[in-house]
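As the structure is a prediction and not an experimental result, all values here were calculated from the model. Sequence positions, counted from 1, serve as the residue numbers for this chain.
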Amino acid sequence: MFCYNCGCLLSEKDFCTGCGMDVGLYKKIMSAANRFYNEALDKAKVRDLSGAVTSLRQCLKLNKNHIEARNLLGLVYFERGEVVAALSEWVISKNIKSEKNIADDYIDKVQSNPGTLDAYNQTIKKYNLALNYCQQDSQDLAIIQLKKILSVNPKFVQARQLLALLYINSGEWERAKRALDKAIAIDANNTMTLRYLKEVEEMIPIQEEQHVKKKKEAIVYRSGNDTVIQPVGKKETVGFQTLLNILIGVVIGLGITWFLVVPAKTQEVQEQANAKYREISEQMDSKTMQMNELTAQIEELTGERASLISSLEEAQKNETLIEANTNLIEAALMRMNGTGNEMAIADTLELITDTYLENQATESFKNLYSALRESIGTVVAKNCYNIGYEAFKAQDYDTAIENLERAVKYNASNGEALYNLGNAYNKKGETQKALKIYEQVIEQFPNTEKARKSKIYIKEINGE
């Protein structure tokens, strides 16, 4: 264990032998953090993933720089099917310790296969879609989506819990139990899974008892190779049944007599008409079934198409979100830890697109982004101006324009940068852009030498 003040290796004493700092409380906190980590490790080994998450969070509250705990937390999240949460932990771990960190291997393993990463992103979208279906009381559609999720990400515990809950709601206790058994095999001590499982196990004996009771209410016997189940009737129905059989016999006898009396020709015509009617009815039934099947297929394909389009859009949004958050976290950590200069921080921030900032970024994201830009703005603007001005003097106008535009972006009050940007465009032959820049110089910096020269250049470009 090392001193938090001077970095010296600590002894058994409650003070640092290097700087004299009191480290008694610090040593207790670090020891408690290590105990929570060891406890989480033991829980993870027996697949108590929920308990491991709780212990690891306690560990990171006490020591946010505990690399092993953060990497293990990412592994636990990944094992529960929560890929985005796992990546977040590994990215933070990587930024705390950039070298010799196994989090690099974990991140590379996930991101090296774009198809797999897309599939994980789609499972998140489909899970949210299943939740929406549940809110709309479309439980069948929700079950279909959840089965698709589990075919791609079978370790997604939350999806298995929701699927079991839907089975419970529809009274399918055996299916619910199978879904919960698979969830408990992944996370052995998940409180929600155990609560659902208890409810299901209490209901299964009741269902079996009802099934046995129904069997007892019928007489079961065998006739040849067939099993016949005859409901137990009341004695009062025996006489009525006998009378009904007599009436049926009378009707059959009258029918036979009728067909014997009616001429053979009439009987033949009637049979032909009946045969034709049956043929037409069968054709109509067949056509109706085909139409129903085709309609169902069209509806299913339409739904799949909409789902695929939505999945693609969601995957693209999720990928942009992960990249933007990763870049912002890296820039913030470089600023906090002093691991990167202002230009490197600016390069990282500029990877975040204006479109994302305008349409998708949260307020807290925008506030942190603005604070980082303001903290490095003066230094970046000065460095970019120096690079751009030297390139202008060397007649490398493309490099000059790139850096002078960047200087103006970070410091709009830098009149020299704006004026020389106009000169660079003018020298390069892009006179329309030069005119626009010169007009900005005159407007923003009136009654200056730069404004006077800008007016002269405007007249020269306009041929006055």
Asker: Determine whether K45 and L41 make a side-chain contact, defined as any pair of heavy atoms from C-beta on separated by less than 4.5 Å.
Answerer: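 When only atoms from C-beta onward are counted, L41 and K45 do touch, with a gap below 4.5 Å.
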Asker: Using only atom types and a distance under 3.5 Å, with no angle test, would you say the side chain of N169 pairs donor to acceptor with the backbone of L165?
Answerer: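 Such a contact is absent between N169 side chain and L165 backbone.
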Asker: Just verifying a value: how many Å separate Y356 OH and F365 CZ, rounded to the nearest 0.5 Å?
Answerer: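 Y356 atom OH to F365 atom CZ measures 4.5 Å (nearest 0.5 Å).
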Asker: Contact between W173 and Y167 at the side-chain level, heavy atoms closer than 4.5 Å - yes or no?
Answerer: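 Contact flag for W173/Y167 side chains = no.
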Asker: Looking at CD1 of I184 and CG of L197, how far apart are the two atoms once the value is rounded to the nearest 0.5 Å?
Answerer: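 One gets 6.5 Å once the value is rounded to the nearest 0.5 Å.
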Asker: Go through the steps to decide whether E79 and V76 satisfy the test side chain to side chain contact (heavy atoms under 4.5 Å, CB included), and finish with yes or no.
Answerer: CA-CA 5 Å; E79 187 64 18; V76 172; 5.7 Å; no
Asker: Please tell me if the side chains of V110 and F78 come closer than 4.5 Å, counting only heavy atoms from C-beta onward.
Answerer: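 Touching, per the 4.5 Å side-chain cut-off.
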Asker: Checking salt bridge (Lys or Arg N to Asp or Glu O under 4.0 Å) between E89 and each of R70, K94, K64, which is the one that passes?
Answerer: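 Testing E89 for a salt bridge (Lys or Arg N to Asp or Glu O under 4.0 Å) against R70, K94, K64 leaves exactly one candidate, R70.
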Asker: Would you sort out whether D181 and R160 count as a salt bridge (Lys or Arg N to Asp or Glu O under 4.0 Å), showing the intermediate values?
Answerer: CA-CA 10 Å; D181 286 341; R160 291 199 180 278; over 6 Å; no
Asker: Starting at CD1 of I437, measure out to OH of Y425 and round the result to the nearest 0.5 Å.
Answerer: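 Between atom CD1 of I437 and atom OH of Y425 there are 6.5 Å.
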Asker: Apply salt bridge (Lys or Arg N to Asp or Glu O under 4.0 Å) to K393 and list each qualifying residue two or more places apart in sequence or on a separate chain.
Answerer: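 Per chain and number, K393 pairs via salt bridge (Lys or Arg N to Asp or Glu O under 4.0 Å) with E390.
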Asker: So does K148 have more than 12 non-hydrogen atoms from other groups sitting under 6.0 Å from NZ?
Answerer: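 Yes, enclosed.
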Asker: Any heavy-atom pair between the side chains of M192 and Q158 that's under 4.5 Å?
Answerer: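 No. Closest side-chain heavy atoms not under 4.5 Å.
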Asker: I'd like to know if the side chain of N426 reaches the main chain of G422, judged simply by a donor and an acceptor atom lying under 3.5 Å from each other, with no hydrogens or angles considered.
Answerer: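 Here the side-chain-to-backbone pair does not exist.
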Asker: Apply side chain to side chain contact (heavy atoms under 4.5 Å, CB included) to T326 and I329, showing your working.
Answerer: CA-CA 5 Å; T326 301; I329 290 171; 5.9 Å; no
Asker: Quick one: pull up NZ in K43 and CG in L49 and give me the separation to the nearest 0.5 Å.
Answerer: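 Taking NZ in K43 and CG in L49, the distance rounds to 11.5 Å.
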Asker: Knowing that exactly one of E68, E39, H66 qualifies, which makes a side chain to side chain contact (heavy atoms under 4.5 Å, CB included) with N34?
Answerer: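 Result: among E68, E39, H66, H66 is the only option passing the side chain to side chain contact (heavy atoms under 4.5 Å, CB included) with N34.
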Asker: To check you understand the geometry: which heavy-atom pair defines the closest contact between M343 and C384, and what is its length?
Answerer: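 For M343 and C384, the tightest heavy-atom pair comes out as CE-SG, 3.8 Å.
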Asker: Just checking, is any N or O donor in the side chain of E342 or N383 under 3.5 Å from an acceptor N or O on the other one?
Answerer: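 No, because no side-chain N or O of E342 sits under 3.5 Å from a partner of the opposite role on N383.
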Asker: Starting at OG of S98, measure out to CG of D104 and round the result to the nearest 0.5 Å.
Answerer: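 With rounding to 0.5 Å, OG (S98) is 8.0 Å from CG (D104).
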Asker: Measure from the side-chain N and O atoms of T193 to the backbone N and O of N189, and report whether any donor-acceptor pair falls under 3.5 Å.
Answerer: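 Pair absent, no side-chain N/O of T193 close to backbone of N189.
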Asker: Testing the basics here: between A130 and A142, what is the closest heavy-atom pair and its distance to 0.1 Å?
Answerer: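 Taking every non-hydrogen atom into account, O-CB, 3.7 Å.
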Asker: Under a plain distance cut-off of 3.5 Å, with no hydrogens placed, do N190 and S50 share a side-chain donor-acceptor pair?
Answerer: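 Note: S50 and N190 side chains meet the donor-acceptor criterion.
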Asker: What verdict does the side chain to side chain contact (heavy atoms under 4.5 Å, CB included) test give for I401 and F392, after you've listed the backbone C-alpha separation in whole Å, the side-chain angles of each residue and the deciding distance to 0.1 Å?
Answerer: CA-CA 8 Å; I401 289 170; F392 175 76; over 6 Å; no
Asker: Hey, are the side chains of Y37 and N63 touching, using non-hydrogen atoms and a 4.5 Å cut-off?
Answerer: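 A side-chain contact under 4.5 Å is absent here.
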Asker: Taking atom NZ as the centre, does K182 end up with more than 12 heavy-atom neighbours from other residues, nucleotides or ligands that are less than 6.0 angstrom away?
Answerer: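 Open.
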Asker: Using only heavy-atom distances, determine whether the side chains of S364 and T362 contain a donor-acceptor pair under 3.5 Å.
Answerer: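 The criterion, which ignores hydrogens and geometry beyond distance, is satisfied for T362 and S364.
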Asker: Main chain of R80, side chain of D187: is a donor-acceptor contact present, judged purely on distance under 3.5 Å?
Answerer: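 No, D187 side chain to R80 backbone: no donor-acceptor pair under 3.5 Å.
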Asker: Given E449 and R452, is the salt bridge (Lys or Arg N to Asp or Glu O under 4.0 Å) satisfied, shown in steps?
Answerer: CA-CA 5 Å; E449 183 65 17; R452 186 185 66 79; 2.2 Å; yes
Asker: Ignoring hydrogens, what is the shortest heavy-atom contact between A451 and N447? Give both atom names and the distance.
Answerer: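 Heavy-atom minimum between the residues: CB-N, 4.3 Å.
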Asker: State, to 0.1 Å, how close A33 and L62 come at their nearest heavy-atom pair, and which atoms those are.
Answerer: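 Heavy atoms only, the tightest pair is N-CD1, 3.7 Å.
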Asker: Does the side chain of L435 reach to within under 4.5 Å of the side chain of I458, using non-hydrogen atoms?
Answerer: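 Counting from C-beta outward, L435 and I458 do come under 4.5 Å.
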Asker: Counting only heavy atoms not in K198, do more than 12 fall under 6.0 Å of its NZ?
Answerer: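 Check fails, neighbour count at 12 or below.
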Asker: Are any of the side-chain heavy atoms of N411 and T378 separated by less than 4.5 Å?
Answerer: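 No - every pair of side-chain heavy atoms lies 4.5 Å or more apart.
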Asker: Tell me, please, which residues at least two apart from Y77 pass side-chain hydrogen bond (donor to acceptor under 3.5 Å, both in side chains).
Answerer: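 Counting only residues at least two positions away or on another chain, Y77 forms a side-chain hydrogen bond (donor to acceptor under 3.5 Å, both in side chains) with R57.
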Asker: Where do F445 and A412 come nearest, in terms of heavy atoms and distance?
Answerer: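 Closest approach of F445 to A412: CZ-O, 4.2 Å.
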Asker: What pair of heavy atoms forms the shortest contact from A346 to R406, and how long is it?
Answerer: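 The pair with the smallest heavy-atom distance is CB-NH2, 3.5 Å.
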Asker: Answer yes or no: is there a side-chain heavy-atom contact under 4.5 Å between N71 and N101?
Answerer: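 Touching, per the 4.5 Å side-chain cut-off.
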Asker: Between atom CG of L146 and atom CG of L163, what is the distance when rounded to the nearest 0.5 Å?
Answerer: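 Spacing of CG (L146) from CG (L163) equals 5.5 Å.
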